[in-house]
Amino acid sequence: MSELGRTLAPPATKGHVSVARLSQHWYVACQSQELGSHPIARTIIGTPLVLFRDDKRQAGALLDRCPHRNVPLSLGRVSRAGHLECAYHGWQFDGGGTCRLVPGLIEESSRERRAPAFRVRERDGLVWVYATPDVEPRSEPFQLPLSNARGYVTVQRRVQAEATLHATVENALDVPHTAFLHRGLFRTTKTEAEKNVITAIVRRSADRVEAEYLGEPLPTGAVVRLLSPSGGTVQHWDRFILPSVAQVEYRLGTENHFLVTALCTPETDFVTRLYAVVSFRLRVPAALVKPLIEPLALRIFNQDAAILKRQSDTIREFGGEQFMSTEIDVLGPDIWRLLKHAERGDPQPEELVAERRVTLRV
Amino acid sequence: MSELGRTLAPPATKGHVSVARLSQHWYVACQSQELGSHPIARTIIGTPLVLFRDDKRQAGALLDRCPHRNVPLSLGRVSRAGHLECAYHGWQFDGGGTCRLVPGLIEESSRERRAPAFRVRERDGLVWVYATPDVEPRSEPFQLPLSNARGYVTVQRRVQAEATLHATVENALDVPHTAFLHRGLFRTTKTEAEKNVITAIVRRSADRVEAEYLGEPLPTGAVVRLLSPSGGTVQHWDRFILPSVAQVEYRLGTENHFLVTALCTPETDFVTRLYAVVSFRLRVPAALVKPLIEPLALRIFNQDAAILKRQSDTIREFGGEQFMSTEIDVLGPDIWRLLKHAERGDPQPEELVAERRVTLRV
Amino acid sequence: MSELGRTLAPPATKGHVSVARLSQHWYVACQSQELGSHPIARTIIGTPLVLFRDDKRQAGALLDRCPHRNVPLSLGRVSRAGHLECAYHGWQFDGGGTCRLVPGLIEESSRERRAPAFRVRERDGLVWVYATPDVEPRSEPFQLPLSNARGYVTVQRRVQAEATLHATVENALDVPHTAFLHRGLFRTTKTEAEKNVITAIVRRSADRVEAEYLGEPLPTGAVVRLLSPSGGTVQHWDRFILPSVAQVEYRLGTENHFLVTALCTPETDFVTRLYAVVSFRLRVPAALVKPLIEPLALRIFNQDAAILKRQSDTIREFGGEQFMSTEIDVLGPDIWRLLKHAERGDPQPEELVAERRVTLRV
């Protein structure tokens, strides 16, 4: 006999999926420029939010559900007084979530009416939200490095992956896949014999894990040829910082410095939004390089997004993950350990740093 | 770790949804004109039905599933003998659900073959069905008032809302939302100070609840200006009658009388079909007013349908409702109480009438 | 109160669906011609498979999920060495499922890395797969009769039904529906009085059930008129052979012989793929008949596929089947008994043959 609705009978799995829901943290909800005079809807860790600006242009974030009849507040508008007005019966809320008007109601009961409110910080052109409503945050949003540094150009882009936060971050910080998935764009395919043996030093502390690659040859793909035509040494770090920051840093020769910081927002278990902030200093003028780099970077990201979506589909189809790692999955398992401990709220010894070395062919 | 399939993690709710399934009642299944010589499929309280007319044009209603191999009977046709013939193997059923022919079968077993049959009444151009099959109804369908009254014009329309019966009926009988959702069409937005304070008398008895509005100013929207240009007094009643009738009655001055009766059919928990019967007597000729009123009424309904759908979506996304009412939600909570008691089969004291007064700004 | 997500409240059913999952058997995964130099994805009993040809053109079948990061292997390509290479990180697998290369990895651990592998047989232009991975098959694939017989023409076609294996096979071997569903194409509708009474002898043994029809009149539909214009006697057998073979055999007069063998592959519980092998010998040249027969056969199959889909929809909507059979459902109930026993692994007495007679009007 058959279970109804179940149309697949794949081999049994452990039912595990690498999803950790860290709600006592800040995430980017939108770019400042996305939030104008109309309220907008966003989702963070499965929670629907409405964002709006009051009469002083101050950003506010409420649960996107009117407490009266459960219509999304994001269908509403901002009143002259700077309150968010529900589209159905016109109830008005301030940025702290308090209902300031119920149109038509005369007898004021003493009962407080409110919508859960989320703390907001706006900086660096980004609107951050603390993912738990109605509490005092235990931290501040991630401080972006270099975004105002002299001699650096900074670019922001927003993309999206249909994958878990963990899979998205692991992919962003993973070296071995680049020669296959991004064949010819980033690293070229070589036979194992043609490759160089290099060493990665992996350092893990309470809130982060970093890999420093030593002896890495200059990649031979199109992207790199544009930036460092005469070769030179490469310095390369990949970094994950709790709860959701993926950072890739490159120094090519003495003049070129790249820092890509992907601020990841887990919208739902299988949808992750990335606010990528790229700061760089180059030997050639930025205006010359940008129109060439951007389409390449986007093409690389689209290949990643496509494979991540198929990974998510397969995990859901099989009812869970069954990953098998090797030591050249340099950061992925550590990232999962950090996420899991943070979700459990395990105490984090401030100063502990574990270090290990991995050799791999690149 | 994550629950698979669950991609949202919204704040906990009570898991309650205002759905009552009253199956010991009559509902409109279709308009008489919709049911011709071909069988048609309809759904009532989640039950798929097939409706057909036999050789005497008598309407019949069976469960829309052939008892032989579970193909929908609505794929079939009506035979010359006036039986409903399944499209797959040709089994034939009469309006009472009895199988009258199994083509090819010689040995008649003594076992009765039948499809569950629903009682049908056809009147006022509507086909009513009793929602429990194979039982003797405990009541008759709702008797439409005024539909043949002298001096009155009657119009029928069919629309649909993706919302629970309760949310649909509450919306139809709710006053405060009209100034916001139907801004400019029905009631205009005023500041609270500009509004009039009026009184509603709410009367509840065993099978109904009614609000009578006293001192209501003549609405200033476009619809009203057409009908009562010289002003005059307004009399206004909103009424809910079990199991699913919503009625709005207006008297403007001495000459204009409007009665909108929405006969609601809960197709599924979140889809409600409304058969609206509008009877009216006006100071101006009906032929003059109808082409102006109809598009306005439809536009108002479409705004209601849109907001109700978003309400349903939000309720499902959050895994349940969390409503907060005030006293100017004049009828909604009473309607839910009536539905819930009727579903439980609580005894209904015939004569009890509770009465209360509510003041509100309009 | 309402169960969320449930929008239908149909009459209670037993929750039974005629699905048996026989995974210790061979099924056709694809036609030989479908499998070229690129890997392809197929599903058997809910299990996603990747099929590919190695450097010797030998077909292999693996679970379609890379053990590393669970991306479908069917997104990959075949390497020069004839291994299946994952598109994400380039892991390579041979036809036996063993991982032969992890690009970039230096330290070889002693841990074996592999993907579950399925046994494959290629014959008669079809690629067969044993549905349980990593085991020694207990049987060989079904041996096609007549496919190389002298004087016979053999044609292969692939079609698909959105229905259970049982419903699909029962439909393929069912006589009474043809006069209704295929009205005018195969058998014509007659009144019961106009029909002939014929006898079917039903023989059931350990792995099969067969009906032989005696005294069957020459069908009067278009298909038959093409083949046997002068009439003659009809011999007709319908056969089901475990796990999933449906066979229809016709002899019209002495010269015409038809054998349709439908090799059915249950992709999921409600999707069945049919590899139909038609072998025939006719009094008229095959080249003359084929262009006339094929469109008719396809039209008949499309009618079957449409009704089977509606049957599946109804079963799922009602939460299960509720079939009522008569004795002229000649093979269906026996087929279900065979499938159910085979799923349970009941011992099958080799020689037992049960025989019974059924009379029916055709």
Side-chain angles (χ1 to χ4, degrees), chain A residues 13-21 23 43-48 63-77 85-91 99 101-109 111 113-114 116 132-133 164 266-271 312 315-316 318-321 340 343, chain B residues 1-11 13 17-18 163 167 170-171 174-183 187 189-192 195-199 303-304 306-318 320-330 332 358-362:
Chain A
T13 66
K14 294 177 211 151
H16 166 83
V17 180
S18 297
V19 171
R21 295 176 183 149
S23 47
T43 299
I44 299 182
I45 315 183
T47 302
L63 189 67
D64 194 12
R65 179 180 71 161
C66 182
H68 177 217
R69 283 296 179 266
N70 293 186
V71 156
L73 288 167
S74 55
L75 296 179
R77 61 177 191 181
E85 180 188 283
C86 180
Y88 197 177
H89 295 83
W91 286 29
C99 178
L101 179 67
V102 174
L105 185 63
I106 295 168
E107 307 281 5
E108 262 313 317
S109 89
R111 187 175 171 198
R113 298 182 187 94
R114 61 188 315 281
T132 301
T164 64
E267 299 205 339
T268 60
D269 288 350
F270 282 100
V271 175
S312 297
I315 290 169
R316 282 182 286 207
F318 278 84
E321 291 169 9
K340 202 172 50 185
E343 187 183 39
Chain B
M1 205 204 308
S2 143
E3 252 180 83
L4 264 195
R6 177 168 171 221
T7 55
L8 290 175
T13 65
V17 181
S18 297
E170 181 183 40
N171 167 275
D174 174 70
V175 169
H177 82 282
T178 55
F180 290 88
L181 188 62
H182 311 307
R183 186 172 280 140
R187 285 193 178 80
T189 320
K190 300 175 186 168
T191 65
E192 291 301 294
K195 290 180 178 172
N196 293 61
V197 174
I198 66 168
T199 298
Q303 291 174 334
D304 285 321
I307 208 90
L308 286 169
K309 180 182 182 342
R310 297 303 300 269
Q311 184 192 41
S312 297
D313 291 345
T314 304
I315 290 169
R316 283 182 286 206
E317 192 178 1
F318 278 84
E321 291 169 9
Q322 226 170 25
F323 289 174
M324 168 181 279
S325 296
T326 73
E327 65 167 356
I328 64 172
D329 293 300
V330 175
V358 176
T359 53
L360 67 161
R361 288 198 175 89
V362 170

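In what follows, chains are A, B, ... by sequence order, proteins preceding strands, each numbered from 1. Computed from a predicted structure; not experimentally measured.
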Heavy-atom distances under 4.5 Å only: say whether B:Gln303 touches chain A with side chain, backbone, both or neither.
neither
How would you list, by chain and number, every residue that makes a side-chain hydrogen bond (donor to acceptor under 3.5 Å, both in side chains) with B:Lys309, sequence neighbours excluded?
B:Asp313
Not counting sequence neighbours, which residues clear side-chain hydrogen bond (donor to acceptor under 3.5 Å, both in side chains) with B:Thr359? List them please.
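Partners of B:Thr359 under the side-chain hydrogen bond (donor to acceptor under 3.5 Å, both in side chains) test: none.
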Pick whichever of B:Ser325, B:Ser312, B:Gly332 has the most heavy-atom pairs under 4.5 Å with chain A.
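Heavy-atom pair counts peak at B:Ser325.
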What residue, out of B:Asp304, B:Leu308, B:Val358, B:Asp329, has the most heavy-atom pairs lying under 4.5 Å from chain A?
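Result: the option with the highest number of such pairs is B:Asp329.
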If I measure from the heavy atoms of chain B, does A:Ile106 come under 4.5 Å with its side chain, its backbone, both, or neither?
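For A:Ile106, heavy atoms of backbone and side chain both lie under 4.5 Å from chain B.
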Electrostatic pair A:Arg69-B:Glu170, nearest N-O below 4.0 angstrom:
yes
Is the shortest side-chain N to carboxylate O distance from B:Lys195 to B:Glu192 below 4.0 Å?
yes
Name the option with the most non-hydrogen atom pairs under 4.5 Å to chain B; the candidates are A:Leu75, A:Leu101, A:Val271, A:Val102.
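Sorted descending by pairs with chain B, the first entry is A:Leu75.
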Within a strict 4.5 Å, meaning less than it, do heavy atoms of the B:Phe180 and A:Pro103 side chains meet?
yes
